[in-house]
Amino acid sequence: MKNVVSDRGFLSYILDSMDEILILIDCGLRVKYVNLVAEKSLELEGVHYQDKHIYSDLNFFQLPSDYEKNY
């Protein structure tokens, strides 16, 4: 059991079994993980999204026009 719990695949199994959309991003707003529900809901199946910027590369959300000025 210890090997199963420490295996990265086990964590992926848990995250992929969720019914909610889950997108993990790093502090630079780059996508690190998208679960299966998110892939299907956002039509990302077959799209290379790993390490892409969530705003500028993937256009998941629209930024306000003054975003660069404020941040």
Checklist entry - Tell me, which pairs form a side-chain hydrogen bond (donor to acceptor under 3.5 Å, both in side chains) where one or both residues lie in residues 37-46, sequence neighbours left out? => result Glu39-Tyr49
Checklist entry - Any donor and acceptor pair, going by atom type alone, linking the side chain of Gln50 with main-chain N or O of Tyr33 inside 3.5 Å? => result no
Next on the checklist: Just to verify, what does Asp16 make a salt bridge (charged side-chain N to carboxylate O under 4.0 Å, His left out) with, not counting sequence neighbours?
Outcome noted: none
Checklist entry - Hey, any chance Val34 and Leu42 share a hydrophobic cluster, counting ILVMFWY side chains that come within less than 4.5 Å of each other, even indirectly? => result yes
Residues 19-27, side-chain donor-acceptor partners within the protein, below 3.5 Å, at least two apart:
from: Asp26; atom 1: OD1; to: Gly28; atom 2: N; distance (Å): 3.0
from: Asp26; atom 1: OD1; to: Leu29; atom 2: N; distance (Å): 3.2
from: Asp26; atom 1: OD1; to: Arg30; atom 2: N; distance (Å): 2.9

Item to check | Closest approach of Val37 to Met18 (non-hydrogen atoms, all atoms of both residues) | outcome: CG2-O, 3.1 Å
